[in-house]
Number of protein chains: 2
Amino acid sequence: MATDQRQADPNRTLELLWDVQPAPTRGPKPALSVRQIVDAGIAIADAEGVAAVSMRRVADELGYTTMSLYRYVPSKTDLLELMVEHASEVPEAPDGLTGWREKLRWWATRTVDVYRHRRWALDVPLNSPPMGPNQIKRMEQALEALDETGLSGGEMLGILVALSGYVRGHAQLASTLADVEARTGTPQAAWDQAYGRMLTTFVNPAEHPTLARIVTQDGFASYAEPDDEWLGDDFAFGLELVLDGIERYLERRMSPE
Amino acid sequence: MATDQRQADPNRTLELLWDVQPAPTRGPKPALSVRQIVDAGIAIADAEGVAAVSMRRVADELGYTTMSLYRYVPSKTDLLELMVEHASEVPEAPDGLTGWREKLRWWATRTVDVYRHRRWALDVPLNSPPMGPNQIKRMEQALEALDETGLSGGEMLGILVALSGYVRGHAQLASTLADVEARTGTPQAAWDQAYGRMLTTFVNPAEHPTLARIVTQDGFASYAEPDDEWLGDDFAFGLELVLDGIERYLERRMSPE
DNA sequence: CTAGAACTGTGTACAACATAAACCAAGTGC
DNA sequence: GCACTTGGTTTATGTTGTACACAGTTCTAG
């Protein structure tokens with residue numbers, strides 16, 4: 001990647017994310033647009049992962065030279081950020097949801113759905129705080145869900161960070177387990193076999209009593225061979241844990257001292 | 001990075017992680033060792049982040065040629081995985097801990113401590129399931145903490161994944177917020193200013209009522225300018241939420257129908 | 001004891017990468 | 001129409017991971 005990026009310009013990045021370009025009047029008409037470039041990048045990432053997205057590749061896809069992209073986007077880092085922003089469109093919350101818990105469940109599930117459909121989004125290195133319209137809208141939705149609880153802004157943000165953390169972290173772990181083959185170029189079967197051999201070879205009851213017991217009881221099977229649901233049930237399981245935790249916090253907080 | 005890695009060899013990676021080399025008898029004595037190489041890589045990452053770790057750089061640090069490293073390590077991907085494994089040493093659990101909750105709290109805090117001291121570990125792309133001795137030992141510790149609850153192996157694993165997800169996700173968000181400057185090369189102040197301007201410009205009460213209210217109430221301050229504690233309090237807050245969730249799950253699970 | 005096999009470190013080479021700089025043509029405002 | 005701004009291209013630079021061939025070293029089989 002050569003030098004990557006010497007310096008970032010937050011203001012320029014924000015302009016791009018929120019699509020408020022100064023709209024130049026002078027020079028020749030632009031043949032491309034930021035949107036086209038971002039969409040091309042997304043298409044490549046959807047098909048072949050984010051590693052396949054290079055400036056050259058995007059430009060080729062559009063039929064222009066590599067350097068032409070730099071007239072629209074300051075750096076590859078910004079392009080990736082724009083891709084994530086555009087890829088994670090936020091659906092409007094349906095009307096039927098009642099109560100913070102139902103709303104947050106919906107929110108978390110929608111959020112993890114983005115990662116499910118655009119797994120590459122998790123591979124884009126996170127360099128700056130969430131700044132794009134969709135990211136902000138997503139925050140707003142979660143906060144709206146919590147609004148009815150009467151908590152302070154700080155408390156609501158704390159809960160949001162905790163929940164986001166869970167969602168992102170779980171998605172990342174799940175994605176890693178599910179996509180070993182795509183990530184390493186080595187067949188899933190080879191990984192499974194190696195992993196199994198590792199477990200039986202190194203996980204002896206002396207040093208790892210609990211793990212060893214679980215392994216022999218075969219409770220590990222569903223993790224060693226993740227199903228097509230991308231650990232969907234597992235995500236829901238953990239989500240309810242977190243929601244339960246929030247509920248208990250509310251009970252304690254609201255109950256008379 | 002040219003081609004990065006065409007194919008990974010899980011078995012070779014496992015051999016390296018668990019340090020079970022076939023120990024060759026024939027050729028010249030090796031002047032280097034895997035351990036030295038990994039340590040050199042860790043030193044660089046500690047000082048300048050994982051982006052500064054290149055094969056050339058590591059070799060230079062050791063006084064050898066780039067290609068000599070490939071006699072010890074099959075690829076840079078493996079080197080990074082070894083670095084993470086070695087960097088995340090697992091302390092023995094202290095004796096004083098009583099009850100699963102206290103143990104899990106200790107566990108989660110120790111785990112996030114690793115990320116706190118080696119922030120680069122979060123930047124290493126996660127390509128394979130946890131396989132190294134330290135990763136496994138960490139799993140074992142968490143499972144041991146849960147052992148007393150009498151849950152099934154599957155349930156314990158579900159809880160482990162949820163908790164790990166929270167820990168990793170939160171650490172990643174916190175690290176992003178705390179290290180913008182190091183990551184982008186742009187001063188923290190410039191980011192704060194840009195972010196603040198974004199909030200006031202685009203977050204209008206019409207579209208983002210809740211967020212707008214919180215921003216004007218200044219509940220955002222602590223997030224816009226993360227303190228030295230690396231959102232420590234915030235991590236603890238979310239952790240208790242998750243632990244509460246687990247507790248409630250246990251109560252429900254164990255109570256007579 | 002000697003021939004070859006196994007192994008180490010090095011040098012060279014290559015393809016891919018992000019991006020800087022100079023350039024010309026296209027369009028606008030004065 | 002002239003200066004200035006802008007868009008797309010060309011060319012060039014420095015870095016990256018790693019394939020490959022080679023020369024020297026150490027052990028082992030005969």
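What you see is a predicted model, and the numbers here were worked out from it, not measured in a lab.
Counting non-hydrogen atoms under 4.0 angstrom, A/S68 reaches a base of the nucleic acid. Within 4.0 Å of A/Y70, counting heavy atoms only, lies at least one base atom of the nucleic acid. Using a 4.0 Å heavy-atom criterion, one finds that A/M55 contacts the sugar-phosphate atoms exclusively.
The distance from atom CG of A/D60 to atom C1' of C/dA18 is 15 Å, rounded to the nearest whole Å. One interatomic measurement links the two molecules: OH of A/Y72 to P of C/dT19, which rounds to 18 Å at whole-angstrom precision. Distance, B/Q21 CD to C/dA6 P: 19 Å, rounded to whole Å. Nucleotide C/dT8 holds its P atom 16 Å from the CG atom of B/L62, rounded to whole Å. Separating the CZ atom of A/R56 from the P atom of D/dT13 is a distance of 19 Å, rounded to the nearest angstrom. For B/L69 and D/dA19, the CG to C1' distance is 15 Å, given to the nearest whole Å.
The pair B/D123-B/R183 counts as a salt bridge, with a side-chain nitrogen and a carboxylate oxygen less than 4.0 angstrom apart. Between B/R110 and B/D113 there is a salt bridge, with a side-chain nitrogen of the basic residue lying less than 4.0 Å from a carboxylate oxygen of the acidic one. A salt bridge does not link A/K76 with A/E81: every distance from a Lys NZ or Arg NE/NH1/NH2 to an Asp or Glu carboxylate oxygen is 4.0 Å or more. With respect to the salt-bridge test (charged N to carboxylate O, under 4.0 angstrom), the residues A/K137 and A/E92 qualify.
The nucleotide whose nearest atom lies closest to any side-chain atom of B/K76 is, among C/dG11, D/dT16, C/dC7, D/dT16. Which of C/dA20, C/dG11, C/dG27 sits closest to the side chain of A/M67 comes down to C/dA20. Comparing atom distances between the A/P28 side chain and each of D/dT18, D/dC27, D/dG7 picks out D/dG7 as nearest. Of the candidates C/dT28, C/dC23, C/dT10, the closest approach to any side-chain atom of A/R71 belongs to C/dC23. The side chain of B/R26 has C/dC7 as its nearest neighbour among C/dG9, C/dG27, C/dC7.
Taking the centre of each ring, A/F235 and A/Y115 stay at or above the 6.0 Å mark.
The phosphate of C/dC7 (OP1 or OP2) has no side-chain N or O of B/K29 nearer than 4.0 angstrom.
Summary of the strand contacts: B/P24 and B/T66 both lie near DNA chain C, and taking for each the nucleotide with the nearest heavy atom, the more 5' one is attributed to B/P24. Nucleotides of DNA chain C nearest to B/P30 and A/S54 differ in position, and the one nearer the 5' end is that of B/P30.
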